[in-house]
Amino acid sequence: NYNLESDGQIYLRGDELIQHEFVFAGKRWKEPVKFTVFRDGKLVECDPVVLHHIPHLFTLYPEVDHRPEYLFIGPALFVPASYGLIYQGKEPDSMLRGSIKRDSYLWPNEWEQGPDQQFVLLIKIMAHDASFDYKRTWSRVTKYNGTPVKSLKHLRDMWDDTRAEQTTSKDAATTEKEHRFARIDFECSEELIFEVEAAIQAEKDVMKAHNIPKPSVILPPNKKYKWS
């Protein structure tokens, strides 16, 4: 039996922390697994189940042993690009691969805006009424409501501001909504446009449907790294 921590790690041989995937990988083929989970503040022992392959919801970065950073805006999923993403199957097309390569060569000394700038990608649009008829391959994000996107955190901050303004305008009956729509522009001269209130609801629905605890994970900057 292993106790699973909130960050997806388990203790092995006393004090050695590893990712829980290691335990699953060591199971025999079609060997049942029994889970004990928290439900409504109580421990519930589930019936044994046989695990099958489940595709990762978030693209994992090769050779990097930490949880990926991500951001949901409505049903759309965004991640920061890494050089390893070039080799993620057929998703990145030749233009996107070229952009990732070009920018990776500029890092860190030739980037104009310093270490806080990131190459942000849209990698998935989840099924929802708000995303009906939207089909996108991986695309580089360039602007949000006309403002150039500097990083995943910058994109999240702007989306949070939009959500706050939407809530404020909704609460004030005499105030007209300032942001009825959220527009996200891409390098390929295309865009996503969501009605803000519908996107907020879609975000909640996607979190619940896929058992995702929160709509974004963005790691703090590494304090040991010094920009020069």
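Keep in mind the model is a prediction, meaning the values are calculated, not measured.
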Handout entry: Hydrophobic cluster of Phe38, others only, ordered by chain and residue number, side-chain cut-off 4.5 Å
Key = Leu43

Problem - Lys208: side-chain contact (heavy atoms from CB on, under 4.5 Å) partners, not counting sequence neighbours - result: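 Testing Lys208 for side-chain contact (heavy atoms from CB on, under 4.5 Å), a comparison that skips the adjacent residues, returns none.
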
For [X] and [Y], work out which heavy atoms get closest and say how close.
X      : Y      : answer
Phe72  : Met126 : CE2-CG, 3.7 Å
Lys30  : Val50  : CA-CG1, 3.7 Å
Ile218 : Tyr70  : CG1-O, 4.3 Å
Lys143 : Gly146 : CD-O, 3.9 Å
Ala182 : Val196 : N-CG2, 3.8 Å

Problem - Set of salt bridge (charged side-chain N to carboxylate O under 4.0 Å, His left out) partners for Glu31, sequence neighbours left out - result: Lys27, Arg28

What donor-acceptor contacts under 3.5 angstrom involve side-chain atoms of residues 198-207, with partners at least two apart or in another chain?
{"from": "Gln201", "atom 1": "NE2", "to": "Asp205", "atom 2": "OD1", "distance (Å)": "3.0"}
{"from": "Glu203", "atom 1": "OE1", "to": "Gly74", "atom 2": "N", "distance (Å)": "3.4"}
{"from": "Glu203", "atom 1": "OE1", "to": "Trp159", "atom 2": "NE1", "distance (Å)": "3.1"}
{"from": "Glu203", "atom 1": "OE2", "to": "Arg163", "atom 2": "NH1", "distance (Å)": "2.7"}
{"from": "Asp205", "atom 1": "OD2", "to": "His128", "atom 2": "NE2", "distance (Å)": "2.8"}

Just verifying a value: how many Å separate [X] [atom1] and [Y] [atom2], rounded to the nearest 0.5 Å?
X      : Y      : atom1 : atom2 : value
Ile212 : Leu77  : CD1   : CG    : 8.0 Å
Lys124 : Leu122 : NZ    : CG    : 10.5 Å
Phe78  : Ile125 : CZ    : CD1   : 7.5 Å
Asn145 : Met158 : CG    : CE    : 8.0 Å

Exercise for the section: Check Leu192, Thr162, Val120 against Tyr144 for a side-chain contact (heavy atoms from CB on, under 4.5 Å) and give me the one that passes. Expected result: Thr162

Practice task
Return each pair, listed once, that meets salt bridge (charged side-chain N to carboxylate O under 4.0 Å, His left out) where at least one residue sits in residues 38-47; pairs must be two or more places apart or across chains.
Solution key: Lys34-Glu45

Handout entry: For Ser131, side chain to side chain donor-acceptor pair (under 3.5 Å) partners two or more places apart
Key =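 Here no residue qualifies.
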
Handout entry: same_hphob_cluster(Val33, Val37) at 4.5 Å side-chain heavy-atom cutoff
Key = yes

